[in-house]
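Report on the structure given below.
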2 protein chains.
Amino acid sequence: MSTDERRTGLSRTLYEEFRARIADGTYAAGAPLPSTRALALERGLSRATVSLVYEQLAADGFIESRAGAASRVAVGAAQGMHAGRAKRERTKPTAPDPLAGSLSAIGQHIAALKLSDPRPTALGEIDFVYGPLSGSDFPTLTWVKAMRAVESQRSRRLEYEDPRGNMELRRALQAHLSQARGLACSVEQLMIVNGSQQALDLCARLLVDPGGGVVVENPGYRMAHHAFEAYGAQLLCADVDAHGLVTEQLGKLGPAKLAYVTPTHQFPLGSFLPIARRRQLLDWAAEQRAWIIEDDYDSEYRYAVRPEATLQSLDTRGCVIHVGTFSKTLSPQMRMGYMVLPPALVQPFADAKRVTDRHAATAVQRALARLLEDGSYDRHVRRIRRLQQARQRALVDALGRHLGDEVEVQGAASGLHVVAWFRAVPAAAESALIEAARHQGVRVHPISPLFHPSTAALTSTRSAGLVMGYALLDVDTIEDGVRRLSKALLHLRRKASSHHH
Amino acid sequence: MSTDERRTGLSRTLYEEFRARIADGTYAAGAPLPSTRALALERGLSRATVSLVYEQLAADGFIESRAGAASRVAVGAAQGMHAGRAKRERTKPTAPDPLAGSLSAIGQHIAALKLSDPRPTALGEIDFVYGPLSGSDFPTLTWVKAMRAVESQRSRRLEYEDPRGNMELRRALQAHLSQARGLACSVEQLMIVNGSQQALDLCARLLVDPGGGVVVENPGYRMAHHAFEAYGAQLLCADVDAHGLVTEQLGKLGPAKLAYVTPTHQFPLGSFLPIARRRQLLDWAAEQRAWIIEDDYDSEYRYAVRPEATLQSLDTRGCVIHVGTFSKTLSPQMRMGYMVLPPALVQPFADAKRVTDRHAATAVQRALARLLEDGSYDRHVRRIRRLQQARQRALVDALGRHLGDEVEVQGAASGLHVVAWFRAVPAAAESALIEAARHQGVRVHPISPLFHPSTAALTSTRSAGLVMGYALLDVDTIEDGVRRLSKALLHLRRKASSHHH
């Protein structure tokens, strides 16, 4: 292959990549592209190759280049393409007419959900997103070793497993939860699920009828709320303060079948639910004969102190369903979570898991079991906890230095995010703040979508808030990002005051 | 470590293994254990070690040894153990009393399902089971290579993917389905699910309301039926004859929202649904505004001819949901299947998948994409198809030689199983036949459980039938197994005639 051919191949690949990402909306209209220099460096290509690709993309109308400014994705670029059609197909059907049959009530509930698509991120943008983990933090060598060992010891009979999951993993997990979380349960009570979202889905399905009340935290984890709404549940929103769910409100919310709480580290505000409120919550559940889901999504990231005891350990009636995940320590793409079920719920949940999708994938479970058994999972968690703590300190520190009293930071005792409240910016200006940040090359994410829409009016009196994650960023980039954010605030201020004059 | 200590360790491990398997019911009461000689050989242990373990198990009351006969698991052995308690916990709750709250209607539907637990298999038994694949047929080297490549190219941002699945896999699958199955669809219509069971669960949830009618084949794939029953659907059973679903009956079954069919290779009877019946089915669906699920679970195993066109390709209204799986070509433990959705259902199903469990696991999807792209999946399928065909020929051949006119074989044109009808044995004696086979060291599986319970009375006039799978067995073992089965039939005959005299 000649050098020319090779270069042609490389440019074609890069061209197709951009075209595909523009087509599927990953790069949205108006999003800035990285400089040819930065991209060449990142991909190990010559700058000439990248320039060639940009010229071709511009010639084909996908991007717009302006002298002295970053190239941007052209408005309407996605429309003409094949995937543009697909994009249109993906808009919600407004009438049942195009359907060859009808949707069930659940199908209609789901179609009515307002699920936000993951936002497209521009190349080179500093993204303070919460949720994704960095691929470079993943323990690849350990994992590949475990997977290889598992594959070489494939069982002779490849058959469906216990719907609750692989016994090796459940045994290892039982020991791990006991040691790391002080959580006592039998192997029988453990069920491996496809990420915590499936745990929530199963709870919603098995425990709540259409119209049934489900107590949720507000603000809270909206994907949990959606899991309940999918089955026609009625969300009963309880406020959250500096001590988590305001349990005093429980009595006034009306009858409920289920409560969904994040007592170790309230999402998103970060508070720990104190023992008195925990007891109040359990008493309320006993009165209502309600179930409680304890979502323990990030207890691995308690920086100052060991994680407190679980709500499950206080439960004497068997009403608490404890849910955990490997999405925050290994990868959200792995789709591995677990439930600790009250004994009376073991059989119905195992049966439900079986008719739903039989059981979680075996190989990944067995590899996870190895990591837990040989101590490499614990080592990994210790390592990544230090990493995340350093990132968090860098963030809190930079916010203090660059924004000082402008910003109040909440929830920095643990987890992979903090909430930054902009004292002088009203909630109504949240999107303006985000837009201003975007112009500085920083992507930040508002807290507003984590409030239930029905309470939007009430919360408009508060300050603008950002949910700031740092798991993708190194400490230097965090510093850079916060500096840009402070610039954005300055621009926003100037604009606002020029409007006033 | 001394030799004695080492032996003690080995015996303890073996002892614990037996104890655990007896406790969890893998080895059921009365099941024969392998001879000490066979087990010692299999595990590479001394016969003395194995004898020691058997003696200890007998002393502890877990097994019963009789001179000159195989040791057997003691009746009631599982009861006293820790897992015995778990076993009792796993029996269905008859009253809601032990529950701290209540179950939803769906939860109650699921609790009422009669799900059969996977049967315990005795060591050394020849098992003509349908479903499991042999671990030695799995393309381990290819798979490990693909997994390693995928892990070394982990993306820098580990975030949730499109709920429909990884784009690399969907592109590769689109090409594969077009080439191997003549199935035309856009990448947008493809959704990767956790095995075909999840496809059925999503269809049931989104398309059928409680009390809604679902047409199913009888006999048929009961786990599909259970997926519909879980949501309170009313099963409308249509008979199956030598040409598949008897579509003439459709008009008399009453209103329906959905039909579930296996038109390429009816499960379990193996018939192919001819074009005229396909058109009748589609016309009926248009009239009813019903959806149709086409379960294409084993079209890779057409031995004589290439697979016929799909039902989906005849569908002009967008009412057919095509479902496929990798459980029959790679492993049921992999939990990988796919749906080809009508365009109008793409958005609701993608949203449902997202609130259910976000998306299928990324790494496995990317590894599968590689196998499809580089041709190794096709090579594997050709290889395993030849293997399975040889096994099937050995089975059909042995049945002919050893049982001759006693047995009628059905459905041998494709797939991983045949149905063997025992002409002179009435359906009522099916379990006696299975018990007689068990005494000869052969495990066979009745067809009765694949009939809907409501039609049990009607079907009692038929002959006894066995669903005979061969994917786990080599040709010599198949020959041996059929010989034993013919012996079992002889014993059964003698017993019956001695009763008569």
Side-chain angles (χ1 to χ4, degrees), chain A residues 86 89-90 92 98-101 103-107 110-111 115 132-133 135 138 140 144 147-148 151 154-160 188 194-195 197-198 201 205-209 226-227 230 289-291 317-319 331-335 343-344 346-348 351-352 355-358 361-362, chain B residues 86 89-90 92 98-101 103-107 110-111 115 132-133 135 138 140 144 147-148 151 154-160 188 194-195 197-198 201 205-209 226-227 230 289-291 317-319 331-335 343-344 346-348 351-352 355-358 361-362:
Chain A
E89 273 173 12
R90 291 186 59 199
K92 315 252 177 200
L99 293 179
L103 289 182
S104 69
I106 297 176
I110 291 174
L115 301 177
L133 296 187
F138 188 87
T140 301
V144 167
M147 283 298 280
R148 209 161 41 203
E151 296 293 342
R154 191 177 298 281
S155 89
R156 275 173 303 178
R157 196 177 156 115
L158 304 177
E159 64 191 329
Y160 294 125
E188 304 296 324
N194 310 327
Q197 191 67 32
Q198 187 175 47
D201 176 65
R205 195 187 316 168
L206 296 201
L207 306 178
V208 187
D209 282 308
H226 293 323
R289 296 196 76 238
W291 305 98
R317 294 173 48 251
C319 72
S331 167
Q333 300 187 336
M334 195 177 265
R335 313 308 307 125
V346 167
Q347 189 64 43
D351 286 347
V355 290
T356 299
D357 60 3
R358 297 278 191 177
T362 302
Chain B
E89 273 172 10
R90 292 186 59 199
K92 316 256 176 192
L99 292 179
L103 289 182
S104 68
I106 297 176
I110 291 174
L115 301 177
L133 296 188
F138 188 88
T140 300
V144 167
M147 283 299 280
R148 209 161 41 203
E151 296 292 343
R154 189 177 300 282
S155 88
R156 276 174 303 176
R157 196 177 156 116
L158 305 178
E159 64 192 328
Y160 295 125
E188 304 298 325
N194 311 326
Q197 192 67 31
Q198 187 176 46
D201 175 65
R205 194 187 315 168
L206 296 201
L207 306 178
V208 188
D209 282 308
H226 293 323
R289 298 196 76 236
W291 305 97
R317 294 174 48 253
C319 71
S331 168
Q333 301 186 335
M334 195 178 265
R335 313 311 306 124
V346 168
Q347 188 64 46
D351 286 346
V355 289
T356 299
D357 61 2
R358 298 278 189 175
T362 301

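Here is the naming used below: chain letters follow the sequence lines, and residue numbers restart at 1 for every chain. Basis for what follows: all heavy atoms, side chains included, without hydrogens, waters or symmetry-related copies.
- Using a 4.5 Å cut-off between heavy atoms, A:Val144 contacts chain B through its side chain alone, with no backbone atom that close.
- Most heavy-atom pairs under 4.5 Å with chain A: of the set B:Thr362, B:Val208, B:Leu206, B:Leu158, this distinction falls to B:Leu158.
- Under the side-chain contact (heavy atoms from CB on, under 4.5 Å) criterion, B:Ala230 pairs with A:Val355, B:Ile110, sequence neighbours left out.
- For A:Arg317 (side chain) and B:Ala100 (main-chain N/O), a donor-acceptor pair under 3.5 Å exists by modelled atom type.
- Chain B forms more heavy-atom pairs under 4.5 Å with one residue of A:Gln198, A:Met147, A:Arg148 than with any other, namely A:Gln198.
- B:Arg157 places no side-chain N or O within donor-acceptor distance of the main-chain N or O of A:Gly135, the cut-off being under 3.5 Å.
- Under the salt bridge (Lys or Arg N to Asp or Glu O under 4.0 Å) criterion, A:Asp201 pairs with A:Arg205, B:Arg205, not counting sequence neighbours.
- Of the atoms belonging to A:Met334, it is backbone heavy atoms, and not side-chain ones, that fall under 4.5 Å from chain B.
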